[in-house]
Amino acid sequence: MMDFIIKSTLSLTVLLAVYHILLEKEKIHQFNRFYLLFSLVFSLSIPFITIEVITESISPLMGKGTIKPGEAAMTIIEDSRDYWLVALWALYAIVTSVLIIRFAKNIRKLTSRIKSNPAIDYKNSKLVLLKEKILPHTFLNTIFINDTDYHNRKIEAELYTHELIHVTQKHTLDILFIEILKMLLWFNPVFIFYKKAIQLNHEFLADEKVVKSYNNVPFYQNLLLSVSNANSSYYLASNLNYSITKKRLIMMTKTTSTTRSMLKKLVLAPLFTGLVFLVCVKTVAQEKKTETQINSTTSVTGMEKYFENTTFRTKDKNGNIISEKSLSQLTSEEKKNIPPPPPPATAPKSKQEKSAQLIDIKNAAGPKYVELIVNNKNNDAVYNIAGIDTRPQFPGGMSEFYKFVGENFKISEEASKMKLNGKVYLIFTIEKDGSLSEFKILRDMGYGTGEEALRVLKLSPNWIPARVNDKPVRVQYSLPISIQTD
């Protein structure tokens, strides 16, 4: 919500400032009407638009693991109750409700006046005759006028024409639109200034039409000044005497060249483009994998590169496959039994042969399957979770495990200030007696989240061990923990 408020307000403010500086003083009122309405729609839409620009960042190559996020997941959320946020939403609901009720009452009052007073068809509008002393004002296709002034012919033709422009150009719809925005986003004062700009532009449009029709600017100016002290009418209506200021009087006699107006319109294209790039563009870092050298293998590619797509199989004494793992899932004992990559068939005799051999080694790929020989004298083979009869269980079920993690996981002070939202990937072994061992962080989010996850796991009570052929066995278990601090 805060992101929406900041981005929309920034756009609204910039566009309104440009309007007052470049456009308001020019006699391009139809274009200005479109500009103001489009600025509102554009500014309220721009926070929902995201343009991602991907940049590459270098990080060490990680072997392809087979950790599945669906295996087990836990969300750790800071234990803090945002009472102030609830209070703000309650305040918003109360104020908005009051404004909606006020809006509805004014609409009802206007419609009641239309129904309860005599009406006369007038060109494309309807004249509603009121007993009270008022100046002509417009709501939708209805023009409200004083009954006595109408019958005594005290209302000049210029005033009828002025109000009729409000009807034919549907200015009331603009006012209703900005009023709805003011109701829903009442905490943002910029909409007040937009309404003033829109209403003044409506008067420019009506004045321009009257001046063209009657071609008597001094008389019309004196007519407006003579009614400028009358009481204002409803805020939802277009009022004849709205803002009888020096701006309106000057605008009646002003002219704008086509070249000048076109140049100012062309300036708006880079303005809107700049706002889009400023507010919508988001730079996303994409990891570019680089090779990491591992000492136990060739220095050209490394073990992780060579065995990147290899599946390591472990068999029991009967030849049955008890586990299938990728390189990153193997224990330290199992990695000791990995056969090294084959040496070159012949020693290079020249620089050309040596260079070609280095290229071959660099691009070499390991076999699809490798069978590991594991010492099974004490039946200490580590099984894969998919190759067992009975899965391991936390005492009381996984709901109790989630509760245990939630109660013991502590968010660091540094992490609590960041908007962290991601996962810590862990792998560990559940022993025959249910204890946990061989912990490893596959990926963490920084700020001590991975170390804290390991600390919590080490506090865990013994699990109910996995079983194969009704005998307890060691099993490797993967656990992604979701961390959310916002």
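- Here E24 pairs with K247 under the salt bridge (charged side-chain N to carboxylate O under 4.0 Å, His left out) rule; sequence neighbours left out.
- When the side-chain hydrogen bond (donor to acceptor under 3.5 Å, both in side chains) test is applied to T9, the partners found at least two apart in sequence or on another chain are N188.
- Across all non-hydrogen atoms, the minimal contact from Y194 to L12 is OH-O, 2.8 Å.
- Closest heavy-atom contact between I175 and K195: CG2-CE, 4.2 Å.
- Here the closest heavy-atom approach between residue V190 and residue T13 is recorded as CG2-OG1, 4.3 Å.
- To the nearest 0.5 Å, the span separating CD1 on I481 from CG on L457 amounts to 5.5 Å.
- The six-membered or imidazole ring of F42 lies near that of F272, with a centre-to-centre distance under 6.0 Å.
- Ring orientation note: the planes of H171 and H166 are nearly perpendicular, at an angle over 60° on the 30°/60° scale.
- Across every non-hydrogen atom of R33 and L205, the tightest pair is CD-CD1, 4.2 Å.
- Inter-residue side-chain proximity for W463 and V475 is flagged as unmet; no heavy-atom pair is nearer than 4.5 Å.
- Atoms CD and CD1, from E179 and I107 in turn, are 9.0 Å apart once rounded to the nearest 0.5 Å.
- Between F404 and L459, the closest side-chain pair of non-hydrogen atoms falls below 4.5 Å.
- Using a 4.5 Å heavy-atom cutoff, the side chains of I198 and L40 are in contact.
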### Query
Does the salt bridge (Lys or Arg N to Asp or Glu O under 4.0 Å) test come out yes or no for E26 and K264, once each step is laid out?
CA-CA 9 Å; E26 304 300 329; K264 291 198 173 185; 2.8 Å; yes
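- When the side-chain hydrogen bond (donor to acceptor under 3.5 Å, both in side chains) test is applied to S437, the partners found at least two apart in sequence or on another chain are E431.
- Contact detail for A197 and H20: the closest heavy-atom pair is CB-CE1, 4.5 Å.
- Partners of F277 under the ring-ring contact (aromatic ring centres under 6.0 Å, His included) rule, at least two apart in sequence or in another chain, do not exist in this structure.
- For the side-chain hydrogen bond (donor to acceptor under 3.5 Å, both in side chains) test, residues two or more places apart in sequence or in another chain that qualify with T429 are E438.
- When all heavy atoms are compared, the tightest approach of N141 to V167 is CA-CG1, 3.6 Å.
- Contact annotation: the side chain of L10 never approaches that of I46 to less than 4.5 Å [non-hydrogen atoms, C-beta and beyond].
- Cation-pi geometry between K440 and F428 is not met: the NZ or CZ atom fails to fall both under 6.0 Å from the ring centre and inside 45° of the normal.
- Here D3 pairs with K7 under the salt bridge (charged side-chain N to carboxylate O under 4.0 Å, His left out) rule; sequence neighbours left out.
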